[in-house]
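Here's the structure we're looking at; comments come further down.
First listed ligand is number 1; within each ligand, the first listed atom is number 1.
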Amino acid sequence: MQKTKIAPSLLAADFGNLQRDVEMVNNSVADWHHIDVMDGVFVPNISYGMPVIKAIQKHTTKPLDVHLMIVDPDRYIGTFAELGAAIITVHYEACSHLHRTIQAIKAAGMKAGVALNPHTNINLLEDIISDIDLVLIMSVNPGFGGQSFIENTYEKIKTLKELIQRKNASALIEIDGGVSTENARKLIDAGADVLVAGSFVFKSENPLQTISELKSVADGI
Ligand code: DX5
Ligand code: ZN
């Protein structure tokens, strides 16, 4: 069985010490760097833009998992490809022509993910699941770190897992929002493959150790 992937979200890092926090993730057992991009339109908040992401990227040693919470994400696919992003995840709710967007991400040499807000039904992915490399289920409303986990997420993971199996698809299931060692095991048991964690990692006393704990709990060790 594939091991659980852990993707610390840099949104919760100390922006005055980004290099230090990126290097902490490099030195940890984490698998990916999760980069949250917000435009103040699709979500109420603005996070960071290309100059900051370019600066971050200079120090990263693990794949960049880019989560775009922006309208019309097609505009930036080329830019993220140049930056060396491994995965681009766009929001279902932000794309009028999702199939075209996914093909464009893949054509640019990256993995394509689709994120769903808490209110968006899993079955809307039925006709596109086989084209997707990853589905990100939002377990909080997007826009901010540090929010409470929404319990309905477990049901959504199970429904998605069934859909993936029924369609013989291979998309990974990523969970984003309110993830901690409290719910990690239950999320993995429901079918999650990748756990994003922001506040739980970066607001802890020892982020390096917290990442290890999260990985151990998720892997059932
Ligand atoms: C929220 C972002 C998340 C966020 C998670 O819109 O997509 O990646 O950083 O933060 P926590 O883990 O604090 O809920
Ligand atoms: Zn995210």
Partner of Lys215 by side chain to side chain donor-acceptor pair (under 3.5 Å), out of Asp31, Thr181, Thr4: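 Output: one option passes, namely Asp31.
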
By number and element, which atoms of ligand 1 are closer than 4.0 Å to a non-hydrogen atom of [X]?
X: Gly145; value: 10 (O), 13 (O)
X: Ala197; value: 12 (O)
X: Gly178; value: 11 (P), 12 (O), 14 (O)
X: Gly146; value: 11 (P), 13 (O), 14 (O)
X: Gly177; value: 14 (O)
X: Met69; value: 6 (O), 7 (O)
X: His34; value: 8 (O)
X: His67; value: 7 (O)

Tell me the protein heavy atom at minimum distance from [atom], and give that distance in Å.
atom: atom 3 (C) of ligand 1; answer: Asp176 OD1, 2.9 Å
atom: atom 6 (O) of ligand 1; answer: Gly143 N, 2.8 Å
atom: atom 2 (C) of ligand 1; answer: Asp36 OD1, 3.4 Å

Going by distance alone, is a donor N or O of one side chain under 3.5 Å from an acceptor N or O of the other, for His59 and Asn26?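 Per modelled atom types, His59 and Asn26 side chains form no pair under 3.5 Å.
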
Looking only at the side chains, is there a donor atom on one of Asp127 and His99 sitting less than 3.5 Å from an acceptor on the other?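 Absent: no donor and acceptor within the cut-off.
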
With a 4.0 Å cut-off on N to O distance, would you call Asp72 and Arg75 a salt bridge?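 Yes, Asp72 and Arg75 are salt-bridged.
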
[X] side chain near [Y] side chain, heavy-atom distance below 4.5 Å:
X: Asp65; Y: Ile35; value: no
X: Lys106; Y: Asp133; value: yes
X: Trp32; Y: Ile87; value: yes

Measure the spacing between [atom1] of [X] and [atom2] of [Y] and express it to the nearest 0.5 Å.
X: Lys167; Y: Ile132; atom1: NZ; atom2: CD1; answer: 11.5 Å
X: Ile173; Y: Ile164; atom1: CD1; atom2: CD1; answer: 4.0 Å
X: Ile137; Y: Glu155; atom1: CD1; atom2: CD; answer: 11.0 Å

Is there a side-chain contact (heavy atoms from CB on, under 4.5 Å) between Glu174 and His34? Walk through the geometry before answering. CA-CA 11 Å; Glu174 181 171 35; His34 186 81; 3.8 Å; yes

Contacts of the Zn ion (ligand 2) with protein N/O/S atoms, counting only those under 2.8 Å: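 Per the 2.8 Å query on the Zn ion (ligand 2), atoms found are His34 NE2, Asp36 OD1, His67 ND1, Asp176 OD2.
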
Is there a heavy atom of [X] sitting under 4.0 angstrom from any atom of ligand 1?
X: Ala12; result: no
X: Val140; result: no
X: Met38; result: yes

Does the pair Glu126 and Arg166 meet the rule for a salt bridge (charged side-chain N to carboxylate O under 4.0 Å, His left out), with working shown? CA-CA 10 Å; Glu126 171 132 19; Arg166 178 159 55 83; 3.2 Å; yes

Nitrogen or oxygen atoms of Asn141 and ligand 1 under 3.5 Å apart: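 N/O-N/O distance under 3.5 Å: no.
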
Any nitrogen or oxygen of Pro142 lying under 3.5 Å from a nitrogen or oxygen in ligand 1? Just yes or no.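 Between Pro142 and ligand 1, no N or O pair is found under 3.5 Å apart.
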
Is Phe144 touching ligand 1 with its side chain, its backbone, both, or neither, if touching means heavy atoms under 4.0 Å apart?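 Contact part for Phe144 vs ligand 1: backbone (N, CA, C, O).
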
Please list all pairs passing the ring-ring contact (aromatic ring centres under 6.0 Å, His included) test where one or both residues lie in residues 118-160, with sequence neighbours left out.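 Passing the test, one end in residues 118-160: Phe149-Tyr154.
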
Please step through salt bridge (charged side-chain N to carboxylate O under 4.0 Å, His left out) for the pair Asp193 and Lys5, ending with a clear verdict. CA-CA 6 Å; Asp193 303 294; Lys5 288 184 168 43; over 6 Å; no

Only one of Ile188, Thr153, Val135 passes side-chain contact (heavy atoms from CB on, under 4.5 Å) with Ile175; say which it is.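 Exactly one candidate clears the test, Thr153.
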
Nearest option to atom 9 (O) of ligand 1, as decided by whichever heavy atom of Gly198, Ser199, Ser9, Ala7 sits closest: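 Looking at heavy atoms only, the winner is Ser9.
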
